[in-house]
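Taking it in order: structure first as structure tokens, then the write-up.
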Amino acid sequence: QLSGVDNYKRGILCIKNIFKLCKIAKSPVTRVFNYRTENMNSTIKAGYDVNREKLRNLLLNRKCLVIYDPSHYPGVVFKYFFNIHNDKDGLCKCSTPCKNRKANGYQLNECRSITITSFRSGITIITGARNIEQLLEAYNYMTRLYSNCKKDIELIKIKLVPTDDL
């Protein structure tokens, strides 16, 4: 496993450097098997604080798979199902619900599950995409949602001003 690599070419360069180090150390490493990207991550800033309860309800109304229990975790966790055969709405439209966590999203009944977690601060984390197409689809979904639904999900802050009326 090679974590934190931001592109394919840099990953190959890292592997070549590891081989050089192994050669110096007289280690028996000789080749790489199945070099592939397993997980791409991204973050989004909504630009405003998010009412997580309202976000959860909005996603549930859209039939999304959502978990939000602030007593256990402070974020709204949403499973975005990527599949080139589905609409770009994050919903699994397969004839049987997808349960294969290793699915790639490029065959029927094989949605790739991408996890999107949104916090009160408006910071959102996207994890689980295998390539830039999947990552961008989930990213674009959330940026559109934050833009189009701001009035519905923005956390309204009440500013208290001290007075001498006491």
Side-chain angles (χ1 to χ4, degrees), residues 1-50 52 55-56 59 62-70 72-148:
Q1 178 177 337
L2 189 60
S3 299
V5 178
D6 61 352
N7 65 54
Y8 184 84
K9 288 181 183 178
R10 190 162 292 139
I12 296 298
L13 180 63
C14 288
I15 290 170
K16 287 180 181 179
N17 287 331
I18 290 168
F19 278 171
K20 286 178 187 176
L21 291 172
C22 289
K23 189 175 182 180
I24 291 168
K26 297 183 180 170
S27 177
V29 176
T30 57
R31 61 185 181 156
V32 175
F33 295 94
N34 299 323
Y35 178 75
R36 65 188 179 275
T37 301
E38 286 292 326
N39 185 26
M40 295 181 79
N41 305 320
S42 181
T43 57
I44 301 170
K45 293 182 181 178
Y48 55 88
D49 285 355
V50 173
R52 294 165 292 167
L55 175 61
R56 181 196 66 143
L59 291 167
R62 293 179 174 200
K63 308 287 189 242
C64 297
L65 178 58
V66 182
I67 300 168
Y68 176 57
D69 181 356
H72 287 95
Y73 188 70
V76 177
V77 180
F78 156 42
K79 295 296 184 178
Y80 185 96
F81 292 100
F82 172 90
N83 193 301
I84 60 168
H85 301 286
N86 292 341
D87 299 327
K88 295 182 179 192
D89 59 5
L91 302 178
C92 174
K93 306 264 176 59
C94 300
S95 57
T96 57
C98 293
K99 294 180 180 162
N100 180 1
R101 295 187 67 215
K102 299 288 185 183
N104 64 22
Y106 293 95
Q107 290 133 12
L108 290 172
N109 299 317
E110 290 285 326
C111 291
R112 177 71 185 167
S113 175
I114 299 170
T115 302
I116 301 174
T117 307
S118 298
F119 298 95
R120 183 206 48 81
S121 63
I123 300 293
T124 298
I125 302 168
I126 302 172
T127 62
R130 284 204 170 153
N131 58 48
I132 197 70
E133 178 184 19
Q134 295 172 359
L135 188 64
L136 283 175
E137 185 175 309
Y139 181 93
N140 290 336
Y141 179 88
M142 286 307 293
T143 55
R144 278 192 310 273
L145 183 139
Y146 283 145
S147 176
N148 297 339

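The residues of the chain are indexed from 1 along the displayed sequence. All values below were derived from every heavy atom in this structure, side-chain atoms included, with hydrogens, water molecules and symmetry-related copies excluded.
When side chains are defined from C-beta on, T124 counts as touching I116, because their heavy atoms get closer than 4.5 Å. Between T115 and V77 the shortest side-chain heavy-atom distance falls below 4.5 Å. The shortest side-chain heavy-atom distance between E133 and Y106 falls under the 4.5 Å cut-off. You'll find the side chain of R62 reaches within 4.5 Å of the side chain of L145, heavy atoms only. Counting only heavy atoms from C-beta outward, the side chains of P74 and R52 approach each other to under 4.5 Å.
In this view, N104 satisfies the side-chain hydrogen bond (donor to acceptor under 3.5 Å, both in side chains) rule with no residue, not counting sequence neighbours. Residues satisfying the salt bridge (Lys or Arg N to Asp or Glu O under 4.0 Å) criterion with K16, sequence neighbours excluded, are absent altogether. Legend: residues meeting side-chain hydrogen bond (donor to acceptor under 3.5 Å, both in side chains) with R120, ordered by chain and number and at least two apart, are D49.
For C94 against N83, the heavy-atom pair with the smallest separation is SG-ND2, 4.4 Å. Across every non-hydrogen atom of S118 and M142, the tightest pair is OG-CE, 3.7 Å.
Tested against Y141 for a ring-ring contact (aromatic ring centres under 6.0 Å, His included), the candidates F82, Y80, Y146 yield a single pass: Y80.
Between the side chains of T127 and N39, no donor N or O sits under 3.5 Å from an acceptor N or O.
Counting heavy atoms of neighbouring residues, nucleotides and ligands inside a 6.0 Å radius, atom NZ of K93 exceeds 12 of them.
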